[in-house]
Amino acid sequence: MNEQDEKDQVRNPETVQKETVVVKEEVEKHPVSSMAIISLVLGVISLLASVFKELDLVALCLGALGVLCALIGFFTARSTGRHRGKSLVIVGLVLSLLAIVVAFFMHGGINQPFVVPTIKF
C-alpha cells in the first residue's frame with residue numbers, strides 16, 4: 001500500500017464532523033409524512049377494535065381508511081422524495097391489513113353477513 005491509500009483510509013475528524021452536520025441538516029429538511037402517522041394510528045386503533053366482536057364493522061372501516069392513507073402516503077413520499085416515513089407507512093399498512101383480516105374472521109367469515117346494530121325505542 002502506498003501513502004495515498006493510507007491517507008484515504010484515515011479520515012480527518014473535521015470532515016467526519018462536517019459530514020454528520022450535512023446529514024442532520026438533510027434529516028431536518030424533510031419532515032415525516034402526515035399520512036404515514038395517520039395510517040399508523042388508524043392501523044393500531046383498528047387492530048385493537050378488531051379483537052372485539054362488537055366492533056368488527058368499526059375495525060373494518062378504520063382498517064380500510066388506514067390502507068387508503070398508507071397507499072397515499074407511500075406513493076406521495078416515493079414520488080416527491082420530500083417526506084420521510086416510508087417505514088411508518090409500511091407498518092401502518094401491515095397493521096391495517098391485519099386488522100381487516102382479524103375482524104373478518106372474528107365476525108365469522110363469509111357465512112355471517114355484516115349487520116349494522118339498530119337501537120329500538
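Each residue takes its place number in the sequence, starting with 1.
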Enquirer: Which one of Val58, Leu62, Val41 satisfies the side-chain contact (heavy atoms from CB on, under 4.5 Å) criterion with Ser46?
Expert: Leu62
Enquirer: If hydrophobic clusters are built from ILVMFWY residues whose side chains come within less than 4.5 Å, do Val94 and Val51 share one?
Expert: no
Enquirer: Could you state whether Ile38 and Leu48 fall into the same hydrophobic cluster, counting links through intermediate Ile, Leu, Val, Met, Phe, Trp or Tyr residues with side-chain heavy atoms under 4.5 angstrom apart?
Expert: yes
Enquirer: Measuring from atom CG of Leu47 to atom CD1 of Ile100, what distance do you get when rounded to the nearest 0.5 angstrom?
Expert: 11.0 Å
Enquirer: How long is the span from the CG atom in Leu40 to the OG atom in Ser87, to the nearest 0.5 Å?
Expert: 9.5 Å
Enquirer: Which pair of heavy atoms, one from Ala99 and one from Ser50, lies closest together, and at what distance?
Expert: O-CB, 3.4 Å
Enquirer: Spell out, yes or no, whether Leu65 and Ile37 are grouped together once hydrophobic residues are joined by side-chain heavy atoms under 4.5 Å, including indirect joins.
Expert: yes
Enquirer: Testing the basics here: between Leu93 and Ala70, what is the closest heavy-atom pair and its distance to 0.1 Å?
Expert: CB-CB, 3.8 Å
Enquirer: Starting at CG of Leu42, measure out to CG of Leu68 and round the result to the nearest 0.5 Å.
Expert: 10.0 Å
Enquirer: With the side chain counted from C-beta on, respond yes when Leu95 and Val91 share a heavy-atom pair under 4.5 Å apart, and no when they do not.
Expert: yes
Enquirer: Can you give me the closest heavy-atom contact between Ser96 and Gly63, atom names plus distance?
Expert: CB-O, 3.5 Å
